[in-house]
Amino acid sequence: MSDSSIRFLLMLGLIGIVSGELSSTFYLTKCPTALLTIKAAVISAVNKEPRMGASLLRLHFHDCFVQASEKTAFPNVNSLRGFDVIDKIKSLVEFLCPGVVSCADIVAVAARDSVVALGGPSWSVQLGRRDSTTASLNIANSDLPGPTLDLNSLITSFSNKGFTSQELVALSGAHTIGKARCKLFRTRIFNESNIDSSFAKSLQGNCPSTGGDDNLSPLDVTTPNTFDNAYFKNLQSNKGLFHSDQELFNGGSTDSQVNTYSTNFATFRTDFANAMIKMGNLNPLTGSNGQIRTDCKKIN
Ligand code: HEM
Ligand SMILES: *[C@@H]1O[C@H](CO)[C@@H](O)[C@H](O)[C@H]1NC(C)=O
């Protein structure tokens with residue numbers, strides 16, 4: 001390599017460190033096999049159990065929103081599904097490149113690869129995040145939105161993180177995959193009026209008015225294991241599972257965007273991918289902040 005190209009590479013490295021920015025080529029020289037290793041593990045996990053892809057996507061959402069507010073990654077690790085897969089990937093990647101790839105980056109790439117494996121869009125994941133050095137077990141004060149929020153509160157919750165209401169709707173399309181527990185939508189299926197009555201009835205079979213709190217139902221009743229735009233079509237026919245889901249199509253300001261996505265999968269794909277890139281850039285730890293965890297469940 002010539003002197004000038006070495007100088008050029010050093011300069012790129014310095015820019016990265018000085019500005020604290022993420023870059024899609026962060027591991028290109030530091031751990032060239034990292035991304036393929038993550039993709040292979042995600043594909044194998046999703047082939048075995050499609051819902052695992054949903055859990056990995058949700059994990060990334062948690063990490064971005066919680067980390068952005070508290071600099072605390074994975075605070076409630078034990079209750080977060082998908083962490084086994086992350087642990088497995090982490091040990092593979094540690095074997096290949098010890099101490100190089102952060103848990104936060106593994107989760108970000110695994111989320112993207114999950115979406116792709118289930119039929120959704122791809123995007124270039126910005127890398128170089130570092131892991132937090134705090135591991136609070138207190139999730140109560142995190143900024144995660146809850147499933148009983150109404151439209152205004154959802155818009156506020158996302159706008160507190162710098163997202164527009166358009167991005168809220170696009171990101172909510174993640175509920176085209178995965179499942180939720182009965183106790184989180186019980187009130188909706190028994191007491192709300194903007195719900196399709198046969199849909200509500202069929203859910204009540206697996207989610208009675210008392211008991212069965214942890215019984216699961218798909219967030220997208222039509223195609224629970226495919227990343228498509230059925231979630232938005234469901235909202236149009238009052239088949240949103242959470243109160244918060246149905247709020248996006250309940251006579252308010254976001255109805256028209258739900259209509260657009262329900263007829264235009266390509267637009268949803270593009271908007272979702274762009275919003276995911278933005279989500280991944282929420283106030284990450286970079287440069288000399290934070291650490292590269294050895295075990296994703298705890299600080300070094
Ligand atoms: C708009 C506000 C949102 C609310 C109120 C919300 C709430 C929830 C809740 C309460 C669950 C079910 C948890 C359980 O039963 O334990 C869930 C599941 C899920 N959420 Fe969200 N979420 C929101 C936005 C998002 C975003 C932005 C993403 C990702 C980009 C996402 C991805 C998922 C996925 C994939 C699942 C299924 C997980 C699985 O099957 O294991 N959600 N969400
Ligand atoms: C439905 O509403 C009634 C009356 O407010 C209440 O007593 C009941 O607990 C509610 N049921 C559910 C499942 O939330």
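One-based numbering, in listed order, for ligands and for the atoms of each.
If you number the atoms of ligand 1 from 1 as listed, the ones under 4.0 Å from a heavy atom of M276 come out as 30 (C). Those atoms of ligand 1 with a heavy atom of R51 less than 4.0 angstrom away are 39 (C), 40 (O), 41 (O). For ligand 1 and K179, the ligand atoms under 4.0 Å from any heavy atom of the residue are 37 (C), 39 (C), 40 (O).
Of all protein heavy atoms, the one closest to atom 9 (C) of ligand 1 is F242 CE1, 3.3 Å. Protein heavy atom closest to atom 35 (C) of ligand 1, with residue, atom name and distance, is A54 O, 3.2 Å. Scanning all protein heavy atoms for the shortest distance to atom 2 (C) of ligand 1 gives P145 CG, 3.6 Å. Closest to atom 5 (C) of ligand 1 among all protein heavy atoms lies G146 O, 3.1 Å. Given atom 15 (O) of ligand 1, the protein heavy atom at minimum distance is R181 N, 2.9 Å. Nearest protein neighbour of atom 41 (O) of ligand 1, counting heavy atoms only, is S55 OG, 2.7 Å.
Applying the ring pair (Phe, Tyr, Trp, His ring centres under 6.0 Å) test to residues at least two apart or on different chains, the pairs with a partner in residues 173-205 are H175-F242.
Using modelled atom types and a 3.5 Å distance limit, the side chains of N289 and R129 yield no donor-acceptor pair. Side-chain N/O atoms of S198 and D196 include a donor and acceptor closer than 3.5 Å. A side-chain donor from one of D150 and S153 sits under 3.5 Å from a side-chain acceptor of the other.
Contact between L184 and ligand 1 is present, with at least one heavy atom of the residue lying under 4.0 Å from the ligand. For L168, the heavy-atom gap to ligand 1 drops under 4.0 angstrom.
In S244, the part holding a heavy atom less than 4.0 Å from any atom of ligand 1 is the side chain.
None of I86, L35, L56 except one satisfies the side chain to side chain contact (heavy atoms under 4.5 Å, CB included) rule with I106; the exception is I86.
R188 places a side-chain N or O within 3.5 Å of a backbone atom of G240 that can act as its donor or acceptor partner. Formation of a donor-acceptor pair under 3.5 Å by the S237 side chain with backbone atoms of K239 is not found in this model. Counting only distance, with no hydrogens or angles, the side chain of D255 and the backbone of N250 share a donor-acceptor pair below 3.5 Å.
Cation-pi geometry between K161 and F65 is met: under 6.0 angstrom from the ring centre, within 45 degrees of the axis.
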Scan the side chains in residues 163-173 for donor-acceptor partners under 3.5 Å anywhere in the protein, sequence neighbours excluded, and list what turns up.
unit_1 : atom_1 : unit_2 : atom_2 : d
T164   : OG1    : Q166   : N      : 3.4
T164   : OG1    : E167   : N      : 3.0
T164   : OG1    : E167   : OE1    : 3.4
E167   : OE1    : T164   : N      : 2.9
E167   : OE1    : K278   : NZ     : 2.9
E167   : OE2    : K278   : NZ     : 3.2
S172   : OG     : L168   : O      : 2.8

Test side-chain contact (heavy atoms from CB on, under 4.5 Å) on C296 and D87 and set out the steps. CA-CA 7 Å; C296 292; D87 276 346; 4.1 Å; yes
Audit row: F232, T260, side-chain contact (heavy atoms from CB on, under 4.5 Å) steps and yes/no: CA-CA 9 Å; F232 297 104; T260 302; over 6 Å; no
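Ring pair F227/F268: centre-to-centre distance below 6.0 Å.
Using a cutoff of 4.0 Å between basic side-chain nitrogens and carboxylate oxygens, D213 and R186 are scored as salt-bridged.
Rounding to the nearest 0.5 angstrom, the gap separating the OH atom in Y261 from the CG atom in L235 is 12.5 Å.
Each protein N, O or S atom less than 2.8 Å from atom 21 (Fe) of ligand 1 was counted, giving 1.
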Exercise answer, ligand 2 polar atom pairs (N/O) under 3.5 angstrom:
unit_1   : atom_1 : unit_2 : atom_2 : d
ligand 2 : 2 (O)  : N191   : OD1    : 3.4
ligand 2 : 2 (O)  : N191   : ND2    : 2.2
ligand 2 : 11 (N) : N191   : ND2    : 3.1
ligand 2 : 14 (O) : T187   : OG1    : 3.3

